[in-house]
K.L.:
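One structure follows; several queries about it will come next.
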2 protein chains.
Amino acid sequence: MGTRWGINRTVAQVHALLFISPKPLNADELVETLAVARSNVSTCLKELQGWGIVKMVHILGDKRDHFECMKDVWDLFRVVLTERKRREIDPTMQMLNECIAESDKTPETDTYTRERLCDLREFFETTSAWYMQIRQWPTSALIKFMQLGDKVLKVLGFGA
Amino acid sequence: MGTRWGINRTVAQVHALLFISPKPLNADELVETLAVARSNVSTCLKELQGWGIVKMVHILGDKRDHFECMKDVWDLFRVVLTERKRREIDPTMQMLNECIAESDKTPETDTYTRERLCDLREFFETTSAWYMQIRQWPTSALIKFMQLGDKVLKVLGFGA
DNA sequence: ATGAAATTTCTGTGAATACTGAAATTACAG
DNA sequence: CTGTAATTTCAGTATTCACAGAAATTTCAT
């Protein structure tokens, strides 16, 4: 499925394998199971470690590095979202701010265009600030909250 | 910024241009502004229409097709999320179900592995069901809700 | 220190994707 | 109809990305 998500195939395969494996795996086990080059596995493991969802562990009496994946899906989700915010949203917001600053100095900028940019900035600010708060909720609260669904609206007293 | 988001550069450019433009644009205007081939613009417009965020409009007295983009950022977000759910999440859930069914018929499957798959399925089920509800909230309610942030936890009576 | 095992870095190749320009098709005015 | 403008499809090219295998580096036991 990895490719459909826009993720490198081998990276997705390594991650999937580590995720479902009951015990940490070493590089050679990944090479054998996935039938890819050793160097490729090395690169993928580095990538996954860069995302903070795979870490190296040592097995007593074994010289080789072993790797294990973060196992809690909710924690996993939080880590990935936070990392994507850092890599994708934050630079976008910075860019947006520069565009808006630029448009302020450029009187011929269409008012409409400037408003669209401000809309976008506001959207990212609102959603980012919200995420930074809920990411700290304990998983149990998050699940209970989600299962309420629409009921939240009534409890909070807005909307039907 | 498009490329960083894993989106085709020209598609992102066309979309950005239509988004900030006060009026619908025709293909030639896009070609001139972005300095890309006519055929490329045609493909990108088709792609964006496939996502449901750009639509064709006609300007009186002008034979050429014009295009305009969905302007409300919250609506835009909803459309994109819904489409991504359909394209990415739904097939993943289906695949997961097949894997779990398969593992039921295969007694030698590690219990741990099966549990990880079920965890994943549950995660997607919970988050998808939640999204299908909140996507129908009016934007005003959604914004008010988000701005509450952590306060929601207290109102609902769980967590600190 | 020395050598073997493990790992990473580097380079070239193949595959996938994006794009252009030409040809084909469609839409429409006269 | 016919011809022109507009648009799309197609085929070839270029660019980007993923990967394998070799070479280089690191790690560690002796």
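A, B, ... follow the sequence lines: proteins, then strands. Residue 1 opens every chain.
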K.L.:
Whole Å only: how far is the CZ atom of R4(B) from the P atom of dT16(D)?
P.N.:
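Rounded to the whole Å, the gap is 17 Å.
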K.L.:
For L45(B) and dT8(D), give me the distance from atom CG to atom C1', rounded to whole Å.
P.N.:
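In whole Å, dT8(D) C1' and L45(B) CG are 12 Å from each other.
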K.L.:
Measure from NE2 on H58(B) to C1' on dT7(D) and round the result to the nearest Å.
P.N.:
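In whole Å, dT7(D) C1' and H58(B) NE2 are 12 Å from each other.
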K.L.:
Quick check, are the ring centers of F145(B) and F145(A) under 6.0 angstrom apart?
P.N.:
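Between F145(A) and F145(B), which both carry aromatic rings, the centre distance is below 6.0 Å.
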K.L.:
What's the CZ-P distance between F67(A) and dA6(C), to the nearest Å?
P.N.:
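Computing the F67(A):CZ to dA6(C):P distance gives 13 Å.
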K.L.:
Would you say K46(A) places a side-chain N or O within less than 4.0 Å of OP1 or OP2 belonging to dT9(C)?
P.N.:
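So the side-chain polar atoms of K46(A) do come within 4.0 Å of the phosphate oxygens OP1 or OP2 of dT9(C), strictly under.
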K.L.:
Taking atom P of dA6(D) as reference, at what distance in whole Å does atom CD of E32(B) sit?
P.N.:
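The answer, rounded to whole Å, is 13 Å.
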K.L.:
Using a 4.0 Å heavy-atom cut-off, does D65(B) contact any base of the nucleic acid, only the sugar-phosphate backbone, or nothing at all?
P.N.:
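Result for D65(B) = sugar-phosphate.
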K.L.:
Of the listed nucleotides (dT7(D), dT7(C), dC28(C)), which one gets closest to any side-chain atom of K63(B)?
P.N.:
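Among the listed nucleotides, the one closest to the side chain of K63(B) is dC28(C).
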K.L.:
Classify the angle between the aromatic ring planes of W74(A) and F123(B) as parallel (below 30°), tilted (30 to 60°) or perpendicular (above 60°).
P.N.:
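Aromatic pair W74(A)/F123(B) classed perpendicular.
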K.L.:
Just by modelled atom types, is the R114(B) backbone N or O under 3.5 Å from a matching donor or acceptor in the S103(B) side chain?
P.N.:
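The answer is no, because no donor-acceptor pair under 3.5 Å joins these two groups.
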K.L.:
Could you list all N or O pairs between the protein and nucleotides 17-24 of chain C that sit under 3.5 Å apart?
P.N.:
{"residue": "dA18(C)", "atom": "OP1", "partner": "N8(B)", "partner atom": "ND2", "Å": "3.4"}
{"residue": "dC19(C)", "atom": "OP1", "partner": "T10(B)", "partner atom": "OG1", "Å": "2.7"}
{"residue": "dC19(C)", "atom": "OP2", "partner": "N8(B)", "partner atom": "OD1", "Å": "3.1"}
{"residue": "dC19(C)", "atom": "OP2", "partner": "N8(B)", "partner atom": "ND2", "Å": "3.1"}
{"residue": "dC19(C)", "atom": "OP2", "partner": "T10(B)", "partner atom": "OG1", "Å": "2.9"}
{"residue": "dC19(C)", "atom": "O5'", "partner": "N40(B)", "partner atom": "ND2", "Å": "3.4"}
{"residue": "dT20(C)", "atom": "OP2", "partner": "A37(B)", "partner atom": "N", "Å": "2.8"}
{"residue": "dT20(C)", "atom": "OP2", "partner": "N40(B)", "partner atom": "ND2", "Å": "3.0"}
{"residue": "dG21(C)", "atom": "N7", "partner": "S39(B)", "partner atom": "OG", "Å": "3.3"}
{"residue": "dG21(C)", "atom": "O6", "partner": "S39(B)", "partner atom": "OG", "Å": "2.8"}

K.L.:
Rounded to the nearest angstrom, tell me the gap between atom CG in D28(B) and atom P in dA5(D).
P.N.:
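So the two atoms are 12 Å apart, to the nearest Å.
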K.L.:
Could you report the tightest heavy-atom contact between P24(B) and E68(B), atom names first, then the distance?
P.N.:
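Nearest heavy atoms, P24(B) then E68(B): CG-OE1, 3.6 Å.
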K.L.:
Can a donor-acceptor pair be found, under 3.5 Å and without considering hydrogens, that links the side chain of S21(A) to the backbone of L17(A)?
P.N.:
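The answer is no, because no donor-acceptor pair under 3.5 Å joins these two groups.
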K.L.:
Backbone N or O of T109(A) within a donor-acceptor pair of the T113(A) side chain at under 3.5 Å?
P.N.:
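The answer is no, because no donor-acceptor pair under 3.5 Å joins these two groups.
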K.L.:
In whole Å, what is the span from the NE2 atom of H66(B) to the C1' atom of dA6(D)?
P.N.:
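Going from H66(B) (NE2) to dA6(D) (C1'), I get 11 Å.
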K.L.:
Please determine if R84(A) forms a cation-pi arrangement with W51(A), meaning its NZ or CZ atom is less than 6.0 Å from the six-membered ring centre and no more than 45° off the ring axis.
P.N.:
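Judged by the rule (NZ or CZ under 6.0 Å from the ring centre, within 45° of its axis), R84(A) is not positioned above W51(A).
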K.L.:
Taking only the side-chain nitrogens and oxygens of S42(A), find out if one of them lies under 4.0 Å from OP1 or OP2 of dT7(C).
P.N.:
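No, S42(A) has no side-chain N/O under 4.0 Å of OP1/OP2 on dT7(C).
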K.L.:
L25(B) has an atom CG; how far is it from atom P of dA6(D), in whole Å?
P.N.:
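Interatomic distance, CG of L25(B) to P of dA6(D): 16 Å.
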